[in-house]
Asker: 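Please see the structure below; I have some questions.
Each residue takes its place number in the sequence, starting with 1.
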Amino acid sequence: MSDVNSSERVGGWTRFVTARPRFALLAALVITALAVFAGSGVADRMGSGGWEAPDAESTWTTQVLEREFPASQPNLLLLVDSGGASVDDPAVAAEAARLTDRLSAEPGITGVGSYWRTKSPTLRSSDGHEAIVAARIGGDEKAAGETLDRIAPVYRGTNGPVEVSVGGPVAVRHEMQSTIQEDLLRAELIALPVTLVLLVMVFGSAIAALLPLGVGIVAILGTNAVLRGITEFTEVSVFAQNLTTALGLGLAIDYALFIVRRFREELSAGADTRVAIGTTLRTAGRTVLFSALTVAVSLAAMMVFPQYFLRSFAYAGIAVVLLAAAAALILLPAALMLLGPRVNALDLRRLLRRRGKPASGADASESSGRGWARFSALVMRRAPVFAVVTTVGLLLLGLPFLGVKFGTADDRQLPANAESRVVQEHIREGFPGSPGAGLEVLAEGAASPGRYADFKERIEALPGVERVNGPVTGEGFAYFDVLPEGESVGQDAQDLVRELRAEPAPFDTSVTGTAAVLVDSKDAIADRLPWAVGIIVVVTLLLVFLLTGSVLIPLQAVVLNALSLTAMFGAVVWVFQDGNLSGILSFTSTGDIETTLPVLMFCVAFGLSMDYGVFLLSRIKEEYDRTGDHEQAVTFGLRRTGGLITAAAVILAVVMVAIGTSRVTNTKMLGLGIALAVLMDAMVVRSLLVPAVMKLMGRVTWWAPAPLRAFHRRFGLSEGEEPAPTSDQGADERSETNGRERDKITAGA
């Protein structure tokens, strides 16, 4: 290759990212160090809630009750255990009264009540040996957590003749937050060394293996800094940090794998370092950019939901995807420019090779590629069988999801020995009615005692009502405490919420409580879900069209991606809702799935599936543009990417499984579920279903109307090389003619 041609083949972006590679890497090091500083303490500023819809009736009602009747919404519960004595024993009662008075005097505490003050039977255990002091910690989640940290050590433990344990919603959330932080650190310590070992196995070279890991670390640290900034303006869920770690490592490794692999291919073909980088960025680099956009769009769709739990994953996901892509397209080329052929150095697999075999890793890749080519040929020879069997199998794996039941996250998310969970279980199992388990009906506006009494009688007559307390009256407001029969968030309780809201009254009423929050959350998700799915589908169709120029391939990609998620959704219900494998996985099944989790898992898993789909389709399109041979293009795509996609999926699954070792059930479900989805997509859908379906569709796969073909020629992008510049006009004309002939073939297919 001449120097002139080499120069022309190096584009402006390549010149930009390779002009001063040492300076670029030094600047990245400084920025990363600043990100570490900026992102420090981000977990302490995050919340552990966010499942409720902020504009819902239940949310507004809860806010009014907190303001007007603080005692109606206790979030701190002190479980007082009198041992063998009765809670009515004079010594126990005296000590409990002192505890109640001390708690009432604590800053930030409002609405303190106890069994010994009210004699309410709901605050006394059935056996008479335990009773509750209930209070309200004011302020937002951060302020409430700080107050809890200050007072919990003072009250916890032995106090005279009683033993005190700390529980309640604020304690559950606070303990969940600290548990997630501890589990995330452990997951990182597991994932990083295992990932490094797998990368060495994929690349052979220790130097090449370190590059993807470095890109991932930059993306994770940068995203923590971004999230720290976002917490200044809005609430962010602590669960989002798990996604930051998983996607930061997973996507950065995916992107770096494809870029480093393509760079090594170009070096093996004889290109010098700068030209190899230029070709890599024009091909694999474009695909990485497309992949990042598809994943970011899938995650951005969660911003249409009002719950900050879901919106937090959009913030974290978009940030980490864009940072991973930026690091792969800016920092990685700079590192490759400095390394050049030394990217193959420190080949740790050389001891496994026969003497005299090259140590570049090219032979291993070529051998793997031949295996994938033979496998692809086998699948396409039996395409109808593979297509039908695979599709039916995936649909069968998804059948358990038809029986899904939605619920809310509670203390059973925590490990069995967590203090706040132990307290809540004592209350749930040993008390006739626990604070916060019922429904509150708020009455707005002044009314006579007779009207209140009449409304109370109508509530008591509703099916599913066990008891009605109240009304408790205030200035312009009153409320009734309604205890439903059965489970506090069961279907009967949810039906009761709707009946209470429909019950006519001589004043304005609104309903809150755990079941009401669940009803409103389900309604909010159902209302926004079509918009989220529509955004994902439409943008995915557009991006895949721009990549391939086909109308049918984008439709195929969306359908096959959806199929790849069936196993994940079926497993979530079979395992986490129905409780199968709960002993092995160490969690407690609640008989339902938290409402927002399926939405989150769909958006994340769909984006990751598109990530692998884009990598495969880009190489298929590259070969089809070059040869016009449909089956050869499919074989070429699998030969070049099959092993790499599988390796990337295994590495990402390792990261997600590490996240899935969390002691918090929702995090465990998220990690293990997405790990399953990623493996099914790479090993079943991309390996079996895609080549089988493309074989069955034949060349019609590439069909598009003439106006759209013209649009794609002008605005579309591809991983394929553009024709090499030449002064031979005849060659230019032949290239143009070949392009027109391919269009004719595609149009007539």
Asker: Would you say Thr661's side chain and Ala658's backbone share a donor-acceptor pair under 3.5 angstrom?
Answerer: yes
Asker: Can you run down the ring-ring contact (aromatic ring centres under 6.0 Å, His included) pairs that involve residues 245-272, sequence neighbours left out, and say none if there aren't any?
Answerer: Phe258-Phe615
Asker: Could you check if a side-chain atom of Asp629 sits within less than 4.5 angstrom of a side-chain atom of Tyr624, using non-hydrogen atoms only?
Answerer: no
Asker: Fit a plane to each ring of Phe375 and Trp372, take the angle between them on a 0 to 90° scale, and name the class: parallel (under 30°), tilted (30 to 60°) or perpendicular (over 60°).
Answerer: perpendicular
Asker: For residues 214-233, pull every pair meeting salt bridge (charged side-chain N to carboxylate O under 4.0 Å, His left out), keeping only residues two or more places apart or in separate chains.
Answerer: Arg45-Glu232, Arg228-Glu232
Asker: Rounded to the nearest 0.5 Å, what separation is found between the CG atom of Leu293 and the CG atom of Leu547?
Answerer: 11.0 Å
Asker: Do Ile536 and Phe602 have side-chain heavy atoms sitting under 4.5 Å apart?
Answerer: yes
Asker: Looking at CE of Met680 and CE of Met568, how far apart are the two atoms once the value is rounded to the nearest 0.5 Å?
Answerer: 11.5 Å
Asker: The criterion is salt bridge (Lys or Arg N to Asp or Glu O under 4.0 Å); which residues satisfy it with Arg20, sequence neighbours excluded?
Answerer: none
Asker: For Gly607 and Val295, work out which heavy atoms get closest and say how close.
Answerer: O-CG2, 3.2 Å
Asker: Do any N or O atoms from the side chain of His630 and from the backbone of Met694 form a donor-acceptor pair under 3.5 angstrom?
Answerer: yes
Asker: Among side-chain atoms of Ser609 and Ser564, is any donor-acceptor pair under 3.5 angstrom?
Answerer: yes
Asker: Please report the shortest heavy-atom distance between Ser550 and Pro554, naming the atom on each side.
Answerer: O-CD, 3.0 Å
Asker: Taking ring-ring contact (aromatic ring centres under 6.0 Å, His included) as the definition, give me every residue that meets it alongside Phe636, ordered by chain and number, with sequence neighbours left out.
Answerer: none
Asker: Suppose we screen for side-chain contact (heavy atoms from CB on, under 4.5 Å). Which residues come up paired with Ala653, at least two apart in sequence or across chains?
Answerer: Ala675, Leu679
Asker: Tell me the salt bridge (charged side-chain N to carboxylate O under 4.0 Å, His left out) pairs involving residues 311-334, sequence neighbours left out?
Answerer: none
Asker: Within the 4.5 Å heavy-atom criterion, are Leu339 and Leu211 side-chain neighbours or not?
Answerer: yes
Asker: List the steps and the verdict of side chain to side chain contact (heavy atoms under 4.5 Å, CB included) for Ile553 and Lys621.
Answerer: CA-CA 11 Å; Ile553 288 179; Lys621 179 66 164 58; over 6 Å; no
Asker: To the nearest 0.5 angstrom, please state how far the CG atom of Leu221 sits from the CD1 atom of Ile31.
Answerer: 12.5 Å
Asker: Where do Val655 and Leu247 land on the side chain to side chain contact (heavy atoms under 4.5 Å, CB included) test, with the steps shown first?
Answerer: CA-CA 9 Å; Val655 177; Leu247 287 186; over 6 Å; no
Asker: With sequence neighbours left out, what residues match Phe711 under ring-ring contact (aromatic ring centres under 6.0 Å, His included)?
Answerer: Phe715
Asker: The criterion is ring-ring contact (aromatic ring centres under 6.0 Å, His included); which residues satisfy it with Tyr308, sequence neighbours excluded?
Answerer: none
Asker: Mind checking what makes salt bridge (Lys or Arg N to Asp or Glu O under 4.0 Å) contact with Glu623, not counting sequence neighbours?
Answerer: Arg626
Asker: Quick one: are Leu249 and Leu192 in side-chain contact, heavy atoms under 4.5 Å?
Answerer: yes
Asker: Does some side-chain heavy atom of Thr548 sit less than 4.5 Å from a side-chain heavy atom of Ile620?
Answerer: no
Asker: For residues 677-688, pull every pair meeting salt bridge (charged side-chain N to carboxylate O under 4.0 Å, His left out), keeping only residues two or more places apart or in separate chains.
Answerer: Asp681-Arg686
Asker: When rounded to the nearest 0.5 angstrom, what is the spacing between CG in Leu688 and CG in Leu638?
Answerer: 9.5 Å
Asker: Let me see the working for Asp183 and Ser662 under side-chain hydrogen bond (donor to acceptor under 3.5 Å, both in side chains), right down to the final yes or no.
Answerer: CA-CA 5 Å; Asp183 292 345; Ser662 173; 2.9 Å; yes
Asker: Determine whether a donor-acceptor pair (N or O, by modelled atom type, separation under 3.5 Å) exists between the side chain of Arg262 and the backbone of Thr280.
Answerer: no
Asker: Specify the closest pair of heavy atoms between Glu235 and Tyr315, including all atoms of both residues, with the distance to one decimal.
Answerer: O-CE1, 4.3 Å
Asker: Is there a side-chain contact between Leu210 and Leu199, using heavy atoms and a 4.5 Å cut-off?
Answerer: no
Asker: My understanding is that only residues two or more places apart in sequence, or in another chain, count here; which of them pass ring-ring contact (aromatic ring centres under 6.0 Å, His included) with Phe313?
Answerer: Phe309
Asker: So, the side chain of Thr641 versus the backbone of Leu644: is there a donor-acceptor pair under 3.5 Å, distance only?
Answerer: no
Asker: Determine whether a donor-acceptor pair (N or O, by modelled atom type, separation under 3.5 Å) exists between the side chain of Ser298 and the backbone of Thr294.
Answerer: yes
Asker: Once side-chain hydrogen bond (donor to acceptor under 3.5 Å, both in side chains) is applied, do any residues pair with Ser312, and if so which ones, sequence neighbours excluded?
Answerer: none
Asker: Mind checking the CG-OG spacing from Leu616 to Ser687? Nearest 0.5 Å is all I need.
Answerer: 8.5 Å
Asker: If you round to the nearest 0.5 Å, how far is OG1 of Thr287 from CZ of Arg282?
Answerer: 13.0 Å
Asker: Does Glu622 come within less than 4.0 Å of Arg639, counting only side-chain N to carboxylate O?
Answerer: no
Asker: Between Arg640 and Thr635 (side chain of the first, backbone of the second, donor and acceptor by atom type, cut-off under 3.5 Å), is there such a pair?
Answerer: no
Asker: Evaluate the side-chain hydrogen bond (donor to acceptor under 3.5 Å, both in side chains) criterion for residues Glu188 and Thr245: first the C-alpha distance (whole Å), next the side-chain angles of each, then the deciding distance (0.1 Å), finally the verdict.
Answerer: CA-CA 8 Å; Glu188 291 171 345; Thr245 297; 3.2 Å; yes
